[in-house]
Peer 1: 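First the structure, which I've put down as structure tokens, then a few questions once you've had a look.
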Amino acid sequence: MELFTHRETDPAAVSGRPGLPLSGRRVVIQPNMSRRGWPCNAGSRALENYTALEDAAIIPRLEKSGAHLAGNSRMSELGFGLAADTTVRALIEKEADIALMTDTMGEARVAAARAGIFGFKPSWGIVSRFGLIGLVPSMECYGVAAADPADISGVMQAISGKDDRDFSMPDGELPDFSQEGKTQTGSRRAGIVKEMLALLTDKDRGLFRENLKMLGSAGVEVVEVTFPEFELLQTAHQVIAAAEASSSAGKYDGVRYGYRAPGAKNWNDMYLDSRGAAFGTLVKAFLFQGAYFQFENYAAFENACRVRRRLVRSMENLLSELDLLVSPTCRMVRKDAAPSDVRGAYEEFILTLPANLTGQPALQVPGDPAGDCVGLHLTAKRLDDSRLLALGRRLAASRGAK
Amino acid sequence: MKYEAVIGLEIHVQLNAATKLFCDCPNRPGDEPNRNTCPVCLWFPGAFPRLSREALEKAVLACLALNCTIQPVSAFDQKVYYYPDLPKGFQLSQHHKPLARNGWIDIAGENGEPRRLRIHHIHLEEDVAKLVHETEGRTPISLVDFNRAGTPLIEIVSEPDLRSPHEAMEYVKTLRGQLRYTGSAECSMEKGTMRVDANISLRQEGSSGFNTKVEVKNMNSIRNVGDAIAYEIRRQTECLEKGETIVLHTRLWDPDKRATAPMRGKFSGPCIPDPSVASIVINEEWLNEIRGMLPEMPDRKAARFSGDYGLTPDEAAAMSLERDISDFFEAAAKSGAAPRKAANWIAVHLAPALRDRGAALAETPLSAERFAALLSLLEKEIINPQSAKEVLLQLLATDESPEKIVEKGGYGQVSDAVELDALIDRVIGEHPADVADYRKGNAKVLGFLMGIAMKASKGKANPKLLREILAKRLG
């Protein structure tokens, strides 16, 4: 399978600007991140042949920091899950140094864990989503994957910050990634959620314990905590995300862009035929679920929103007594889900999706080099992104020293 | 059985903000099709809505004018429906958390009794695109014009407090007056900047329950609102008397057939909160700023006009109904015009003349000072009322002074007794039979001869003097 769906060929753009924080760094983006003039199909026939009309907010920011935009990877349909995604592979095959990936359930972190590199999801709202063709607006964000956590910090410093084109960004001060080197180290406490441990096999637990040693040697104290509603995190995510997706994807009608089915007798049939042919089975199943909550069981959607608000509070309370939550990033054993199985797709992200639902920053740290692919997943307080990345750099340094 | 109508109105009003609700495109739906568009209002993927401060200000002003309580927090939802005028698949509207709640409008009821009609809530929303159906050619096609897409609307939802077509028309008229006062909206049903939908149901008189309602749309004037509701009340009464049940549906008013007919059910979907548009949080300080922009409203102004200028309640109401007219009246009075005279001339001569021209006061060169000067010419009997009317019409077209127009047009009143004597001589000579009739005691003939004489003077005779001389000569 081709790594790139589009490659930058303009020599001026390829070289990037010298003497800047990201000079010489090659960034691969997904084709749902608008780059004026580049194909932007979001991995879906629903946007077949769609070309971005203007640059996403992050694009000029990356360029100003000297980064070179290498091209578009191949992505899963509308960024939901990791099927057919080649973004991290572009790093493994040394075609790029940094990958930007849509992270809705934990895609960037899980892909990084499977590749043994760092993956980061910032606090919700600190990067302008202007120009991101999304699916689940209240949860998705730009995730960043790279072998070197310093590259993640560099990208975050470039792309985060206020943008008056995205009104959903929080008021008040946003994390300052330029101060990261000076961030106090101090002692840290990390909590392991007991209810989460129950989801792991003995083998996963064993690998996780191995990876935890890293934290110990970095001076992080690890304690066990309880989050009785842990299971609700996935349910709430799924109900809300599906409903939001159904609303967001309503615009793909095949009229002004994207695939249009031929031969329909009227506009309604044209919508139905085009949408039926354009979406893949997994996204279609997801949209069906969302439509169910929107049209048939709105009360369940409202309940899920209420539960979500409660979970946000629980998560904040838990993190008020701790600095971090720690878990594996993914589980080692996975069944390959049927292509239309939404629940199966969710299984892969069960450990990463809580941060998307409740808005915290989270970092995947590669585990012990013994071929481990469960990774180490650290979740920090909201807007504590900078300290989290600083810890990531310390952990990377101690790994390198071994 | 005697039935009582229960009526609620949902009124969409286009705000006259300079830009659309969520982008910087001009809010001019009438321009060349699809000229005022950008990725945001074409609803392309990746575009983000940004709420316009001006539209919010105008909406808040409108809500305050309708006595509503502004909500400290309001938010937008995605109202899902699929139709070619909304290719985004949802309309941004405030379903769960509207901008304002609990307002009211005071009107005079059927028998002049005061009636307070409650407003349930007012919310902000974006308008959809306009479909133009070309049915001529070989293949009928529908064209989509996005100039209107994303323009700012408020929807004003009343409580089901209205009981008659009269109340509905008064409600709409008063609401329109209040909103125009704020300068936030044009409110023209004819031009489509105000759209009124009525929900109508019947119940047994004296009962307090609510029955199945029918929605009626597509009225393009206030009179049509009244007519459509009256028609619908008759139709539903007949249905009930025949023992039929009323089913929930929507009907369109046909202004030519003067009847309502059922329309195809339009699917209306759910509303989920939109995470990409920030909530609107209004603090007291900002709200006070907007309150400060609220002009003196019609009822208060009418009371003041009665007190300050000695107008009767009817005159005061007429002079305060529209803000431009009220400002004009007050300026004329302050320029020395006798207030009741000014009010009378505005209501009887100026307003109809503006209506005939389809023009607003501001679109004519007429100023309050020149209007006062005209009335002063009348007062001093330099011109007579007939000529004054002529001069007024000319004042609407040129910016010359009334004195100049009178001089140039020779409108000066003829008060020269000798001249009038000669004129009356002629009239008496030409109408011997009528003169004889009068002298036999038929007093009505005097009026007829007055008319002839006035006409003979080309309308310029001083009517008082003319009547005096005529009566004396006939007597």
Side-chain angles (χ1 to χ4, degrees), chain A residues 32-34 40-42 46-47 50 52-57 124-125 128-134 136-140 163-171 240 243-244 246-253 255-258 267-268 270-272 275 290-291 293-298 301-302 305, chain B residues 21-24 34 37-40 42-53 56 75-92 95-96 129 131 133 140-144 146 149 264 266-281 283:
Chain A
N32 65 334
M33 302 170 183
S34 307
C40 202
N41 69 5
L47 283 133
Y50 185 69
L53 297 170
E54 46 196 335
D55 280 339
W124 191 84
S128 167
R129 288 180 297 128
F130 176 83
L132 177 70
I133 300 180
V136 184
S138 80
M139 300 187 201
E140 67 207 357
D163 174 26
D164 65 10
R165 288 172 299 179
D166 180 353
F167 273 28
S168 66
M169 299 178 77
D171 297 331
I240 295 168
E244 284 186 19
S246 170
S247 221
S248 306
K251 61 178 164 290
Y252 302 124
D253 55 17
V255 174
R256 296 178 296 171
Y257 53 83
W267 63 263
N268 200 42
M270 180 176 74
Y271 283 7
L272 295 173
R275 288 170 66 82
F293 292 116
Q294 281 187 301
F295 297 99
E296 301 290 332
N297 196 352
Y298 192 75
F301 170 74
E302 284 187 309
C305 291
Chain B
L21 187 53
F22 294 112
C23 62
D24 294 333
N34 293 312
T37 55
C38 73
V40 174
L42 288 167
W43 296 312
F44 275 123
F48 262 64
R50 286 178 300 144
L51 184 67
S52 144
R53 172 177 280 265
L56 179 63
F76 285 92
D77 300 292
Q78 305 176 339
K79 185 172 172 188
V80 173
Y81 76 87
Y82 302 109
Y83 203 72
D85 61 8
L86 185 64
K88 181 169 48 168
F90 60 79
Q91 178 188 24
L92 284 176
H95 182 76
H96 298 291
L131 296 180
H133 303 291
I141 52 165
S142 294
L143 302 168
V144 189
F146 284 86
R264 222 188 67 179
K266 191 157 112 183
F267 163 83
S268 179
C271 293
I272 72 164
D274 190 310
S276 297
V277 194
S279 296
I280 299 173
V281 179
N283 63 32

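Computed over heavy atoms, backbone and side chain alike; hydrogens, waters and symmetry mates excluded. Chain naming here is simple, since letters A, B, ... match the order of the sequence lines and numbering starts at 1 in each.
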Peer 1: Looking at CZ of B:Phe90 and OG of A:Ser246, how far apart are the two atoms once the value is rounded to the nearest 0.5 Å?
Peer 2: 10.5 Å

Peer 1: Step by step, would you call B:Val80 with A:Phe295 a side chain to side chain contact (heavy atoms under 4.5 Å, CB included)?
Peer 2: CA-CA 10 Å; B:Val80 173; A:Phe295 297 99; 3.8 Å; yes

Peer 1: Select, from B:Gly46, B:Pro273, B:Pro39, the one with the greatest count of heavy-atom pairs under 4.5 Å involving chain A.
Peer 2: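 Highest number of pairs under 4.5 Å: B:Gly46.
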
Peer 1: Below 4.5 Å, heavy-atom pairs only: which of A:Ser247, A:Ser138, A:Ser34 has the largest tally toward chain B?
Peer 2: A:Ser247

Peer 1: Kindly indicate whether the side chain of A:Phe167, heavy atoms from C-beta on, has any atom under 4.5 Å from the side chain of B:Val277.
Peer 2: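 SC-SC contact between A:Phe167 and B:Val277 ruled out.
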
Peer 1: Are the side chains of B:Ile272 and A:Phe293 in contact, using a 4.5 Å heavy-atom criterion?
Peer 2: no

Peer 1: Less than 4.5 Å to any heavy atom of chain A: does that hold for the side chain of B:Leu86, its backbone, both, or neither?
Peer 2: neither

Peer 1: Between B:Pro45 and A:Lys251, which heavy-atom pair has the shortest distance, and what is it?
Peer 2: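 Taking B:Pro45 first and A:Lys251 second, the nearest heavy atoms are CA-CE, 4.0 Å.
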
Peer 1: What distance do A:Tyr252 atom OH and B:Lys88 atom NZ have between them, rounded to the nearest 0.5 Å?
Peer 2: 13.0 Å

Peer 1: Check whether any side-chain heavy atom of A:Tyr271 lies under 4.5 Å from a side-chain heavy atom of B:Pro84, and answer yes or no.
Peer 2: yes

Peer 1: So, does A:Tyr298 use its side chain to make a donor-acceptor pair with the main chain of B:Cys271 at under 3.5 Å?
Peer 2: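 Yes, A:Tyr298 side chain to B:Cys271 backbone: donor-acceptor pair under 3.5 Å.
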
Peer 1: I want to check something: taking the side chain as every heavy atom from C-beta on, are A:Arg129 and B:Phe48 in contact at a cut-off of under 4.5 Å?
Peer 2: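 When only atoms from C-beta onward are counted, B:Phe48 and A:Arg129 do touch, with a gap below 4.5 Å.
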
Peer 1: Can you tell me if CG on A:Asp171 sees more than 12 non-hydrogen neighbours from other groups inside 6.0 Å?
Peer 2: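 Not more than 12 within 6.0 Å, no.
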
Peer 1: Check whether A:Glu244 gets within reach of chain B through its side chain, its backbone, both or neither, counting any heavy atom under 4.5 Å.
Peer 2: both

Peer 1: Main chain of B:Leu42, side chain of A:Arg256: is a donor-acceptor contact present, judged purely on distance under 3.5 Å?
Peer 2: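 A pair under 3.5 Å: yes.
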
Peer 1: Check B:Ser276 against A:Ser168 and note the closest heavy-atom contact, atom names and distance.
Peer 2: O-CB, 3.9 Å

Peer 1: Any non-hydrogen side-chain atom of A:Asp253 less than 4.5 Å from a side-chain atom of B:Pro87?
Peer 2: yes

Peer 1: Under 4.5 Å between any side-chain heavy atoms of A:Gln294 and B:Gln78, yes or no?
Peer 2: no

Peer 1: For chain A, which of B:Ala278, B:Pro49, B:Ser279 has the most heavy-atom pairs under 4.5 Å?
Peer 2: B:Ala278

Peer 1: Identify which of A:Leu47, A:Leu53, A:Asn32, A:Ile133 forms the greatest number of heavy-atom pairs closer than 4.5 Å to chain B.
Peer 2: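 Looking at each of A:Leu47, A:Leu53, A:Asn32, A:Ile133 in turn, A:Ile133 comes out on top.
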
